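Computed from a prediction, not measured in an experiment: that's the story for all the values here. The sequence lines fix the lettering, A, B, ..., with proteins before strands; numbering per chain opens at 1.
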2 protein chains.
Amino acid sequence: MEDELLKIKEDIIQGLGRFSAFAGFNKITGQIYGLLYLNREPLALGQIAEQLDVSKGNVSLNVRIMERWGLIRRFNKRGDRRDYYEAETDFWKVIRGILTERDKKEVEYTMDSVTDSLAAIGKLDAAAQTDEAVFYKERLEHMQEFGDTIAEMSRAFLALDNFRVSSLSRLGLGRV
Amino acid sequence: MEDELLKIKEDIIQGLGRFSAFAGFNKITGQIYGLLYLNREPLALGQIAEQLDVSKGNVSLNVRIMERWGLIRRFNKRGDRRDYYEAETDFWKVIRGILTERDKKEVEYTMDSVTDSLAAIGKLDAAAQTDEAVFYKERLEHMQEFGDTIAEMSRAFLALDNFRVSSLSRLGLGRV
DNA sequence: TTATACGTTTAAAACTTTTTAAACGACAGG
DNA sequence: CCTGTCGTTTAAAAAGTTTTAAACGTATAA
């Protein structure tokens with residue numbers, strides 16, 4: 001392979017590794033993605049480990065999560081018992097997977113604690129409805145409203161398919 | 001203070017601590033925010049440390065970043081040399097701060113590496129324009145397009161102010 | 001001047017996450 | 001049956017991060 005291309009591949013792999021760590025995954029996740037994304041042929045687990053110069057165990061751990069989140073796809077070839085992986089190139093699908101599999105749960109979990117707290121305040125008897133309690137209620141309701149709006153926007157975002165996204169940007173969402 | 005309220009405060013502090021760690025900050029950041037958010041009065045650095053039962057140094061480190069990202073505001077009272085902090089309660093401001101101060105840079109950094117790689121491919125001489133090179137070009141351009149769309153959507157999002165957000169959701173963005 | 005109350009810095013300790021190497025079980029081909 | 005090749009699991013090592021305690025500098029007040 002052309003030397004220059006090899007350098008490019010390496011740059012992208014490292015760049016995505018860095019980004020991946022920033023985005024809350026680990027570095028290897030991004031590197032695996034980068035490697036597969038710039039490979040016309042799918043790669044087997046062992047090949048990934050070899051090319052990235054990390055242990056098979058590490059790759060094994062990472063591909064499992066990546067598959068669950070829809071970052072890559074696993075498949076088999078007949079007469080070959082290795083597991084092959086290829087990158088999901090539909091980025092909207094990828095984002096959708098992460099938002100619904102990972103982020104959604106965590107946000108809901110947090111908002112549930114707000115809801116619970118508000119319910120607890122509501123159940124206080126009249127004597128306990130102090131200024132402090134009212135203040136808490138206001139603040140938590142404000143937080144809940146925000147959470148609801150975010151949830152609603154996420155739903156809207158997730159409902160967009162690729163075609164709609166591109167038409168949306170062509171319409172100039174910036175001037176809504 | 002009412003015992004029940006104390007428990008609520010603690011729950012919210014822990015909940016936001018957890019969320020904060022998930023969102024790429026550290027746990028203390030979320031806890032500080034939660035404490036200040038449920039405090040009518042601003043608190044001094046030492047008081048925060050005491051109430052959260054962590055060292056002053058830890059709080060000092062965290063409030064600096066939080067202030068930069070617009071999560072909290074610092075101010076002084078005359079005749080009192082302590083630094084007081086209060087939570088920024090405008091969540092859109094907070095999100096805007098984080099997206100522009102933290103996330104924007106990291107995304108741009110990543111996309112720059114894609115742009116650089118594409119430029120490098122463009123500069124290859126005719127002999128080096130192999131199938132492989134063409135494949136790289138396609139994939140990287142695809143990635144760049146996606147990045148551009150995300151950047152555009154972010155800009156649109158950041159341009160929304162609170163009023164516009166609420167009217168947007170009332171209009172039912174979900175059916176765009 | 002000395003003592004005290006601040007916030008910051010620092011180097012080390014504690015903790016968490018990531019990574020590895022090696023052991024393992026399954027399975028295919030001889 | 002062996003033997004070698006897979007992917008997974010595991011326990012330990014390595015690396016990274018968070019947290020602390022203590023030292024420090026500055027300012028204020030006695």
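Here B:Val54 lies in heavy-atom contact (under 4.0 Å) with sugar-phosphate atoms only.
Among residues two or more places apart in sequence or in another chain, the ring pair (Phe, Tyr, Trp, His ring centres under 6.0 Å) test is passed with B:Tyr33 by B:Tyr37.
Contacts between residues 16-36 of chain B and DNA chain C, counted as heavy-atom distances below 4.0 Å, involve no residue at all.
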Next item on the list: Apply the test side chain to side chain contact (heavy atoms under 4.5 Å, CB included) to residues B:Leu45 and B:Arg82: give CA-CA distance (whole Å), side-chain angles for both, the deciding distance (0.1 Å), then the verdict.
Entry: CA-CA 8 Å; B:Leu45 188 145; B:Arg82 286 177 290 181; over 6 Å; no
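Listed pair A:Arg64 / D:dT9 meets the phosphate criterion, a side-chain N or O lying under 4.0 Å from OP1 or OP2. One finds no side-chain N or O of A:Ser60 lying less than 4.0 angstrom from the OP1 or OP2 phosphate oxygen of D:dG7. For the pair A:Ser55 and C:dT19, the criterion of a side-chain N or O lying under 4.0 Å from OP1 or OP2 is not met.
The distance between atom CG of B:Asn76 and atom C1' of D:dA27, rounded to the nearest whole Å, is 13 Å. The separation between B:Asn62 atom CG and C:dG7 atom P is 15 Å, rounded to whole Å. When rounded to the nearest whole Å, the span between CG of B:Leu52 and C1' of D:dT19 equals 13 Å.
Ion pairing of A:Arg102 with A:Glu106 is absent here, as no side-chain N (NZ or NE/NH1/NH2) approaches a carboxylate O to less than 4.0 Å.
When the options B:Leu6, B:Leu5, B:Asp11 are evaluated for a side chain to side chain contact (heavy atoms under 4.5 Å, CB included) with B:Ile8, the one that passes is B:Leu5.
B:Ser20 and B:Gly30 get closest at one heavy-atom pair: OG-N, 3.2 Å. Between A:Asn39 and B:Arg139 the shortest heavy-atom distance is O-NH1, 4.4 Å.
Within the 4.5 Å cutoff, side-chain heavy atoms of A:Lys9 are placed close to those of A:Leu35.
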Interface polar pairs with nucleotides 3-6 of chain D, N/O, under 3.5 angstrom:
unit_1, atom_1, unit_2, atom_2, d
D:dG4, N2, A:Arg81, NH2, 3.2
D:dT5, O2, A:Arg81, NH1, 2.9
D:dT5, O2, A:Arg81, NH2, 2.5

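Using a 4.5 Å cut-off between side-chain heavy atoms of Ile, Leu, Val, Met, Phe, Trp and Tyr, with links allowed through other members, A:Met143 and A:Tyr109 fall into different hydrophobic clusters.
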